[in-house]
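Please read the structure below before turning to the comments.
Below, all heavy atoms of this structure are taken into account, side chains as well, without hydrogens, waters or symmetry copies.
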Amino acid sequence: PSTTGDPVVILTLKVKFEGVDVGVSGANVNVRLKRVDNAVEINQTALFTSDGSGLYQNQTPISFMGSQGPYDVFVKGPSHLVKKFANQTFVLGQTNTLDLTSTLLLGGDINGDNYVYIDDPPRFFTEYTGIDTPANGSPVDINLDGKVSILDYGYFIANFDRHGDQ
């Protein structure tokens, strides 16, 4: 456990994925923290679990050796575009909770390149073999309901030609 003043940042994030309005077991989320002056950059993947309403929070707090100064926080869901939350400040040595749920993480990035484009649907059509195909953890299950369906394809259509934040 850290005491106030230690150069450790402990971070809990709350996020909302586009199209996910019920709780599912969990999703791996990539979190990148970059100090605004580019002096520090941290990448971590964390398991986020739902509160039952589609809001997700990391199961284990993210901790890293930090320093004063604002950070840009980049969050990427399993089939979602990266979203940047700029100029976040943290208190060293304490748990910091960022509620980022007012901005949805947009879905449709099936191949993970942070761009919803023509190279994403081939995998969808490979895995979509009929109505409500079991997803088995596939990134094609954009709305995280446990099945590959035409609803997942809808997020690809809605977000076609969008890039995530860099």
Apply side-chain contact (heavy atoms from CB on, under 4.5 Å) to residues Asn58 and Leu47 and explain how you reach the verdict.
CA-CA 6 Å; Asn58 46 314; Leu47 178 64; over 6 Å; no
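- Cluster membership check: Ile62 shares its hydrophobic cluster with Val73, using side-chain heavy-atom separations under 4.5 Å among Ile, Leu, Val, Met, Phe, Trp and Tyr.
- When side chains are defined from C-beta on, Tyr71 does not count as touching Thr89, because their heavy atoms never get closer than 4.5 Å.
- Atom CG of Leu105 sits about 8.5 Å away from atom OG1 of Thr103, to the nearest 0.5 Å.
- No chain of hydrophobic side-chain contacts below 4.5 Å, direct or via other Ile, Leu, Val, Met, Phe, Trp or Tyr residues, connects Val82 to Ile142.
- One distance of note links CG of Leu151 with CG of Asn143; it measures 6.0 Å at 0.5 Å rounding.
- The side-chain hydrogen bond (donor to acceptor under 3.5 Å, both in side chains) test with Lys76 singles out one residue from Asp109, Asn114, Asp165, and that residue is Asp109.
- The OG1 atom of Thr97 lies 8.0 Å from the CG atom of Leu11; values are rounded to the nearest 0.5 Å.
- Using a 4.0 Å cut-off between charged side-chain N and carboxylate O, Lys34 and Asp72 make no salt bridge.
- Taking the six-membered ring where the residue is Trp, His163 and Tyr115 present parallel rings, their angle staying beneath 30° rather than reaching 60°.
- Leu104 and Val116 fall into different hydrophobic clusters, where Ile, Leu, Val, Met, Phe, Trp and Tyr residues are linked whenever their side-chain heavy atoms come under 4.5 Å apart, directly or through other members.
- For the pair Phe90/Ile10, no side-chain contact is recorded, criterion being any heavy-atom separation below 4.5 Å from C-beta on.
- The side-chain heavy atoms of Leu100 and Val75, taken from C-beta on, include a pair separated by under 4.5 Å.
- Side chain of Gln94 to main chain of Leu92: no donor-acceptor pair is present (N/O by atom type, distance under 3.5 Å, no hydrogens or angles).
- Note that CG of Asn96 is 8.5 Å distant from OG1 of Thr12, once rounded to the nearest 0.5 Å.
- Atom CG of Leu144 is separated from atom OG of Ser138 by 10.5 Å, given to the nearest 0.5 angstrom.
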Do Asp119 and Asp113 pass the side-chain contact (heavy atoms from CB on, under 4.5 Å) test, and can you show the C-alpha distance, the side-chain angles, and the key distance before you say yes or no?
CA-CA 10 Å; Asp119 49 355; Asp113 65 357; 3.5 Å; yes
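- Outside the 6.0 Å centre-distance limit, the rings of Phe74 and Phe85 are not counted as a close aromatic pair.
- Looking at Arg162 and Leu106, their side chains come closer than 4.5 Å, going by heavy atoms from C-beta outward.
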Which is it for Phe156 and Phe124 under the ring pair (Phe, Tyr, Trp, His ring centres under 6.0 Å) test, yes or no, and what are the steps along the way?
CA-CA 10 Å; Phe156 165 77; Phe124 174 84; 8.4 Å; no
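- Taking the centre of each ring, Tyr56 and Phe17 come in below the 6.0 Å mark.
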Worked check of side-chain contact (heavy atoms from CB on, under 4.5 Å) between Leu98 and Gln88
CA-CA 9 Å; Leu98 293 180; Gln88 304 295 316; 3.3 Å; yes
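- One finds no salt bridge joining Arg35 and Glu41 here, because no Lys/Arg side-chain nitrogen approaches an Asp/Glu carboxylate oxygen to under 4.0 Å.
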As a quick check of understanding, evaluate side chain to side chain donor-acceptor pair (under 3.5 Å) for Gln44 and Asn30, giving each step before the final call.
CA-CA 6 Å; Gln44 291 190 23; Asn30 181 268; over 6 Å; no
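- Here Ile110 contributes atom CD1 and Asp141 contributes atom CG; the two are 10.5 Å apart, rounded to the nearest 0.5 Å.
- Within the 4.5 Å cutoff, no side-chain heavy atoms of His80 are placed close to those of Val29.
- Taking the six-membered ring wherever Trp is involved, the centroid distance between the rings of Phe125 and Tyr128 does not fall below 6.0 Å.
- With hydrophobic clusters built from ILVMFWY side chains whose heavy atoms lie under 4.5 angstrom apart, Phe64 shares a cluster with Val31.
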